[in-house]
**Student:** 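Dumping the structure here so I can ask a few things about it.
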Amino acid sequence: MSKRFEQKDWQESMRLKLDFNNMMTSYVGENGISEEEIADLQAQIEKAEKAMVEKRANGGMDWRDLPYNQADIVKDINAYVESVKDDFDTFVVLGIGGSALGPIAVQQAINHPYYNELSKEKRGGYPKLYVMDNIDPEKLVSLFDIIDLDKTLFNVITKSGSTSETMSQFMIIKEMLEEKLGKEESKKHVVCTTDAKNGNLRPIADKEGYKSFIIPAGVGGRFSELTPVGLLPAAMCGIDIEEILAGAAYMDELCKTDNTFKNPASMYAILNYLAMRRGKNISVIMPYADTLKYIGDWYAQLWAESLGKKFDNDKNVVNVGQTPVRALGATDQHSQVQLYSEGPKDKVIVFVGVDKYKTTLDIPKIYGDIPSLGFLGGETHNKLIKTEQMATEYALLKSGQTNMTITLPEVNEFTLGQILYLFEVATGFAGELLDINAFDQPGVEEGKNATYAMFGRPGYDEKKAELDNRPAKNDKFII
Ligand SMILES: O=P(O)(O)OC[C@H]1O[C@H](O)[C@H](O)[C@@H](O)[C@@H]1O
């Protein structure tokens, strides 16, 4: 299970550190953000803080209380996992968006990088985990080349129960399972995570007798990682979900301080809000740890889908939001940093560092006679990746590219719970500062409705007619 420091105040030693100095200063021009600018926002900040408290109290932010109200669900999940893990070699999540990105990110962060390639014994007796979050026919068909249906448990995750991608995956899997195993046996190979009463999947699960878990009604998909959406897949691969919730609760405590400059979520939101006001509408998240790579994908949906909005709360057209870009250190120093250092100063780079990696890798002292290699010998990759992170932070600061750093003492369930919760609260706070609704996603409906119309779903004739009459493309530009 997860490691904890021996210190009595292990929570303090496991506290994420946020370094905003590079946001507040700059070697070049006006890219730094001043304390005066934050002071000028005081009224807006107080209004946002008040709204966060009121919405939490009135059920507008049920996700805030997930670290505290799931003890029974955690027990049910852990008991279910213990009861089935010996029967299955593979656990496959069928989901998309907030029903998939969290499970991917958490598993990649905590488990062995080659977890699925390990023996079941080396996996602690837990099944392999695959998350199928797309409908590319090749990918899903290829999965059946490497899994044994008889030994596979499928977790269908969909809050709405109407997501075409997930529900069509489920229809394919259901048919395959019933053909191969028969109707009764196949029921043991499906577990559903969905709304308590709404949507298509809930009545199906109840009618078919599938084991199911509930996504609380007041928790939106991209804020649902701390519900069974994320907790079941994590527990199914041996991850300590109580530690994740404990980390989130600890971050919640830190985010309750009314000292704005010491409030991690408020400061993250405020500085990005001020950056957006300066036209910095790209948010690059750049972890210097492969374990945190997919946190970038999860963050991308959370930040983009929450803040990318056409209207403010007074129905004024504002078209706000920051485009998330996923990068990885040191890898993307060799692919994107050229743009970050010399291209438009329209970005906020969020470095995510790790104090202590789980292993230390020594570089042998050889090639001492070659100057550009000899200096590496006798050091470690741990020191090299951290040095490259600091060097890149410096180079981008010097180039005038706004950046900040979040540092995890180490990557474990507790610190992961902290950073997930930090970004969720920061997103809610940023939504208040932007005066938009951070919890809906009206912008995805047009594409969905066009899909339904073109796919021939009944009741979409008007949309079909609109599409049939849309301006034809100019053939000249089709090669
Ligand atoms: O969990 P589901 O209801 O299947 O939704 C899955 C995803 O698709 C929707 O279109 C929303 O844009 C996302 O916020 C959501 O996470």
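Both counts, for ligands and for their atoms, begin at 1 and track the order of listing. Just so it is clear, the values below take in all heavy atoms, side chains as well, and ignore hydrogens, waters and symmetry mates.
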**Student:** Under a 3.5 Å threshold, yes or no: a donor from one side chain and an acceptor from the other, between Tyr294 and Gln107?
**Tutor:**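 Side-chain D/A pair, Tyr294 to Gln107: absent.
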**Student:** Please tell me whether Phe223 and Phe439 form a close aromatic pair, meaning their ring centres lie under 6.0 Å apart.
**Tutor:**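 Yes; Phe439 has its ring centre under 6.0 Å from that of Phe223.
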**Student:** Does the ring of Phe213 carry Lys211 above it, NZ/CZ under 6.0 angstrom from centre and within 45° of its axis?
**Tutor:**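 Yes.
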**Student:** If you measure from atom 11 (C) of ligand 1 to every heavy atom of Arg222, Lys159, Glu305, Met167, which option wins on shortest distance?
**Tutor:**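 Selected option, by shortest heavy-atom distance: Glu305.
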**Student:** Considering distance alone, does some N or O of Thr166 sit under 3.5 Å from an N or O of ligand 1?
**Tutor:**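 It does not: no N or O of Thr166 is found under 3.5 Å from an N or O of ligand 1.
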**Student:** Return the closest protein heavy atom for atom 16 (O) of ligand 1 as residue, atom name and distance.
**Tutor:**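 Ranking protein heavy atoms by distance from atom 16 (O) of ligand 1, first comes Gly98 N, 2.8 Å.
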**Student:** Around atom 7 (C) of ligand 1, find the nearest protein heavy atom and jot down its residue, atom name and distance.
**Tutor:**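 Ranked first by proximity to atom 7 (C) of ligand 1 is Ile96 O, 3.8 Å.
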**Student:** Less than 3.5 Å apart, any donor N or O on the side chain of Thr291 or Tyr357 sitting next to an acceptor on the other?
**Tutor:**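 The answer is no; no qualifying pair exists.
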**Student:** Return yes if a side-chain donor-acceptor contact under 3.5 Å exists between Asp312 and Asn316, otherwise no.
**Tutor:**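 Yes, because at least one side-chain N or O of Asp312 sits under 3.5 Å from a partner of the opposite role on Asn316.
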**Student:** Which of the listed options, Gln301, Gln441, Glu165, holds the heavy atom that is closest to atom 15 (C) of ligand 1?
**Tutor:**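 It is Gln301 that holds the nearest heavy atom.
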**Student:** Give the residue, atom name and distance (to 0.1 Å) of the protein heavy atom nearest atom 1 (O) of ligand 1.
**Tutor:**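 Minimum-distance protein heavy atom for atom 1 (O) of ligand 1 reads Ser99 OG, 2.6 Å.
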**Student:** Between Tyr268 and Phe429, does the ring centre distance come in under 6.0 Å?
**Tutor:**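 Ring centroids of Tyr268 and Phe429 are no less than 6.0 Å from each other.
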**Student:** Heavy atoms only: which of Thr193, Val156, Ile157, Thr163 lies closest to atom 4 (O) of ligand 1?
**Tutor:**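 Among Thr193, Val156, Ile157, Thr163, the closest heavy atom to atom 4 (O) of ligand 1 belongs to Thr163.
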**Student:** What is the closest protein heavy atom to atom 10 (O) of ligand 1, and at what distance does it sit?
**Tutor:**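 Going by distance alone, atom 10 (O) of ligand 1 is nearest to Lys448 NZ, 3.0 Å.
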